[in-house]
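Inspection log for the structure reproduced underneath, given as structure tokens.
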Amino acid sequence: MSPGSPLVNGTPITGTLTRPQLLVLGRHDATGRLRPVGRTVPLRPDTARELAEHLTPAGTGHPWTGARFSSAWGTRDVLDTTLVQPGLVAEISVDTSIDQGGVYRHPTRYVRLRLDASVEDVPRFGGGPATAAG
């Protein structure tokens with residue numbers, strides 16, 4: 001895995017389960033807490049349809065229940081999100097701009113869903129050069 005294409009555990013989406021618009025991305029830290037690390041640019045229609053086949057609504061007790069996510073860097077506008085099960089792994093393309101909290105400053109580009117990878121395969125938040133806050 002190259003630093004420009006890290007794996008992340010995708011959690012909330014904007015849009016609907018059948019037509020996701022973008023992904024809010026998370027990564028577990030060393031204590032197992034799911035930490036938000038960024039969001040994608042809007043998904044292409046064909047990509048959204050493919051991804052929708054694998055989305056499952058979140059059950060009770062989701063770690064981000066009640067969380068609010070800003071719509072852009074430095075804004076107070078909030079994304080309207082739908083929580084999904086956090087077990088999917090996505091490959092993304094990112095630049096190197098990471099804020100002091102370890103979050104990608106710029107939106108990421110969704111590359112593909114990694115059905116061959118599990119959450120355990122994703123580097124921990126703060127755990128290396130290919131991770132946010134690494």
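These figures come from a predicted structure and were not determined experimentally. All values below were derived from every heavy atom in this structure, side-chain atoms included, with hydrogens, water molecules and symmetry-related copies excluded.
- Taken to the nearest 0.5 Å, the CZ atom of Arg112 stands 10.5 Å off from the CD atom of Glu50.
- Note that CG of Asp121 and CZ of Arg114 are 8.0 Å apart. Values are rounded to the nearest 0.5 Å.
- With salt bridges taken as basic N to acidic carboxylate O contacts below 4.0 Å, none links Arg124 and Asp29.
- The two atoms that bring Leu34 and Pro63 nearest to each other are CD2-CG, 4.0 Å, heavy atoms only.
- Between atom OG1 of residue Thr40 and atom CZ of residue Arg109 there is a gap of 10.0 Å, rounded to the nearest 0.5 Å.
- No donor-acceptor distance shorter than 3.5 angstrom exists from the side chain of Arg27 to the backbone of Val122, with no hydrogens or angles considered.
- Across Leu22, Leu55, Thr81, a single residue satisfies side-chain contact (heavy atoms from CB on, under 4.5 Å) together with Ile13, and that is Leu55.
- Val41 is not listed as a side-chain neighbour of Thr108, based on a closest heavy-atom distance of 4.5 Å or more.
- Counting only heavy atoms from C-beta outward, the side chains of Leu113 and Glu91 never approach each other to under 4.5 Å.
- When side chains are defined from C-beta on, Thr82 does not count as touching Thr16, because their heavy atoms never get closer than 4.5 Å.
- Annotation: side chain of Leu23 is not in contact with side chain of Thr14 (no heavy-atom distance under 4.5 Å).
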**Request:** Could you check Tyr110 against Thr47 for side chain to side chain contact (heavy atoms under 4.5 Å, CB included), going step by step and ending with a plain yes or no?
**Result:** CA-CA 9 Å; Tyr110 172 85; Thr47 301; 3.2 Å; yes
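- To the nearest 0.5 Å, atoms CG (Leu17) and CG (Leu51) are separated by 10.0 Å.
- Counting only heavy atoms from C-beta outward, the side chains of Arg39 and Leu25 never approach each other to under 4.5 Å.
- Taking CZ of Arg35 as the start and NE2 of His28 as the end, the distance is 11.5 Å to the nearest 0.5 Å.
- Between Leu43 and Ala48 the shortest heavy-atom distance is CB-CB, 4.2 Å.
- Using a distance-only test at 3.5 Å, with no hydrogens or angles considered, no donor-acceptor pair links the side chain of Trp64 to the main chain of Gly26.
- The closest donor-acceptor contact from the side chain of His62 to the backbone of Val84 lies under 3.5 Å.
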